[in-house]
Amino acid sequence: MKRYVILISGRGSNMESLLDAGLPGVCAAVISNRPDAAGLALAAARGIATVTVDHRDFAAREDFDAALATEIERHAPDLVLLAGFMRILGEGFVRRFEGRLLNIHPSLLPAFSGIKTHARALAAGVRLHGCSVHFVTPALDGGPIIAQAAVPVQAGDDEASLAARVLAEEHLLYPRVARWFLEGRLALCDGRARLDGETPVSGALRVPHVA
Ligand code: GRF
């Protein structure tokens, strides 16, 4: 049985969607960099081991990264899923887990990497927004894209309404991609995501028909 760990910083709704998906693997632990992350209690209620590695306990980023990596390795995961994990991870950490480290980002990358993606999408006036699952590389939100889901930006949207529409897609997309990985179908090859050896054809588009 493959093993995975989930890294969170807050609410943990993506974590829940992964845990509820019946993935072909065991969630060995949920790890947070914040002791007050609401997702920790949700994971514990499911009987999953929870751990906090508090970034505020470390003066240097590399020391936090090293402690986090040690904690992750203790659970011997085949796959590490960043799910609303809000710390930037250094190159050493990323290289250590490269090829088995995934992230979900709430935009159609490469647009709107970083934070405040929904507000920035609204400010830019884009008509389509969405989410991306990608392999993590040292470039922030810049690793090879595996799958994306797009949603329309609607008249009258505010940050909350747009975020909710995107989040519903996140909850479908991330478990699908995690399943591919745990089934041994997904890999990082020569800097590209490969599903069954091919480029994943995995876009989802939820756009209402316009007459
Ligand atoms: C999600 O939108 C995720 O894509 C982003 O932060 C949010 C976390 O939400 N990185 P949750 O903790 O999974 O509910």
Side-chain angles (χ1 to χ4, degrees), residues 4-21 23 27 29-46 48 50-55 68 79-89 93-94 97 101-124 126 128-153 157-179 181 193 202-204 206:
Y4 61 96
V5 300
I6 304 175
L7 270 57
I8 64 169
S9 297
R11 181 176 56 182
S13 72
N14 275 291
M15 173 204 77
E16 284 191 288
S17 75
L18 292 161
L19 296 176
D20 290 344
L23 294 174
C27 181
V30 168
I31 304 173
S32 173
N33 65 305
R34 300 182 60 102
D36 59 351
L40 287 172
L42 299 172
R46 287 169 165 75
I48 292 163
T50 60
V51 188
T52 299
V53 182
D54 191 335
H55 63 275
L68 182 63
L79 174 62
V80 179
L81 295 154
L82 306 183
F85 185 74
M86 300 304 286
R87 299 297 295 177
I88 293 172
L89 296 163
F93 179 98
V94 170
F97 295 101
L101 183 59
L102 303 184
N103 183 43
I104 185 149
H105 181 77
S107 78
L108 293 174
L109 290 169
F112 311 121
S113 61
I115 60 172
K116 296 263 172 214
T117 57
H118 308 307
R120 288 159 58 210
L122 287 169
V126 295
L128 291 172
H129 187 41
C131 56
S132 308
V133 179
H134 63 94
F135 281 105
V136 178
T137 63
L140 177 65
D141 299 325
I145 293 167
I146 302 163
Q148 296 182 305
V151 299
V153 179
D157 261 338
D158 58 15
E159 210 177 325
S161 63
L162 185 55
R165 195 173 307 123
V166 171
L167 192 65
E169 295 302 319
E170 294 184 44
H171 294 165
L172 298 175
L173 192 67
Y174 210 6
R176 182 178 309 158
V177 173
R179 178 178 300 277
F181 191 95
S202 54
R206 313 230 185 263

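Atoms within a ligand are numbered from 1 in the order they appear, just like the ligands themselves. Residue numbers start at 1 and run along the sequence shown.
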Which of the numbered atoms in ligand 1 are below 4.0 angstrom from a heavy atom of N14?
-> 1 (C), 3 (C), 11 (P), 13 (O), 14 (O)

Provide the closest heavy-atom pair for Y4 versus L81 in the form atom of the first, atom of the second, distance.
->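 Residues Y4 and L81, closest heavy atoms: CD1-CD1, 3.7 Å.
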
E170 to ligand 1: N or O pair under 3.5 Å?
->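 Looking only at distances, the answer is yes, because the N/O contact criterion of under 3.5 Å is met.
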
Residues L89, L82; criterion side-chain contact (heavy atoms from CB on, under 4.5 Å); working and verdict = CA-CA 11 Å; L89 296 163; L82 306 183; 4.0 Å; yes

May I ask whether I8 has any heavy atom positioned less than 4.0 angstrom from an atom of ligand 1?
-> no

Give a yes or no on whether the ring-centroid distance for H134 and H105 is below 6.0 angstrom.
->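 They do not qualify: ring centres at least 6.0 Å apart.
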
Top protein contact for [atom], by heavy-atom distance:
atom	value
atom 12 (O) of ligand 1	G12 N, 2.8 Å
atom 6 (O) of ligand 1	G84 CA, 3.9 Å
atom 9 (O) of ligand 1	R11 NH2, 3.0 Å

CE/M86 to CG/L7 distance, rounded to the nearest 0.5 angstrom?
-> 13.0 Å

Can you measure from CD1 (I48) to CG (L40) and round to the nearest 0.5 angstrom?
->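 So the CD1 of I48 and the CG of L40 are separated by 11.5 Å.
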
